[in-house]
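As the structure lists them, so they are numbered: ligands from 1, and atoms in each ligand from 1. These numbers come from the heavy atoms of this one structure, side chains and all, not from hydrogens, waters or symmetry mates.
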Amino acid sequence: MLSTNYTDLPPEIKVVPDLPALYRAGADEFIRSALEAIAARGRFTVALSGGSTPKGVYSLLAEANDLPWDKIHFFFGDERDVPPTDPESNYRMAGESLLSRVPVPPANVHRIAAEMGARLATLEYQSELYAFFNLAPGEWPRFDLIMLGMGPDGHTASLFPGSTALNETDSWVADNWVEKFKTYRITLTFPVINHAAEVMFLVAGQDKSQVLKEVHQGKTDAYPSQRVKPLNGRLLWIVDKAAASLL
Ligand code: 6PG
């Protein structure tokens, strides 16, 4: 396990030519991280990101037949306030592109039960994380890998500009009202994200180029994505050429 404190280093930005190359790079990093964690600690804990970009990564991973799936625990960085069968569900997306296609034990898939309603789902997911990581009070879970995307407004997970959960410093999970969508989302909070051993952003497309420039070159922490700063972990951005066109 790398012991370098990456907060002293600038984020790593890997620019790849196009979307297929981003999928490949994201899958390769997932596999590398998984094998390293399993070799070191016998298990791999990963929080999957939602949205559309990661679908191609998950599909490639589903073809990686030689991964020790029984040693991988899947969590979710966030979830929409919809049932798992809903087309908007991140769990459904990950299920269709990866989890239903590999022999991961059902007990290793820790979904956010959004059908319970945002508040109850938040409490239930947080309890599940508490039980899984089994830490002393005040300690934070250290995911081996947290995968993130970024919206054109600079949000990540379901941490949207101006939303309450941006300021959450105690809870591991938050139910977060998102004004622009007039809905609640359930999300990991910044302290959990920033305690991860590795955070990997996957960002693609011309529509992200302006915000990516501002996130990386802006002087403030105006955008939620700028507040992802692993305390003692690796921060890797894998971006395609179109998204990186203004860097
Ligand atoms: C979600 C995601 C969200 C996503 C960004 C980028 O639930 O939608 O967690 O944070 O990563 O919106 O989405 P795309 O990668 O599809 O552009």
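Between the side chain of T156 and the main chain of G149, a donor-acceptor pair closer than 3.5 Å is present. R92 contributes a side-chain N or O that, together with a main-chain N or O of T85, makes up a donor-acceptor pair within less than 3.5 Å.
The contact shell of ligand 1, taken as protein residues with any non-hydrogen atom closer than 4.0 angstrom, comprises G50, G51, S52, T53, D78, R80, N90, G149, M150, G151, H155, T156, A157, R185, K208.
Taking a 6.0 Å sphere around OH of Y23, one finds it holds more than 12 heavy atoms contributed by other residues, nucleotides or ligands.
Here F30 and Y58 keep their ring centres 6.0 angstrom or further from each other. The aromatic ring centroids of Y125 and F76 lie 6.0 Å or more from each other.
Salt bridge absent: R111 and E79 never bring a charged side-chain N and a carboxylate O closer than 4.0 Å.
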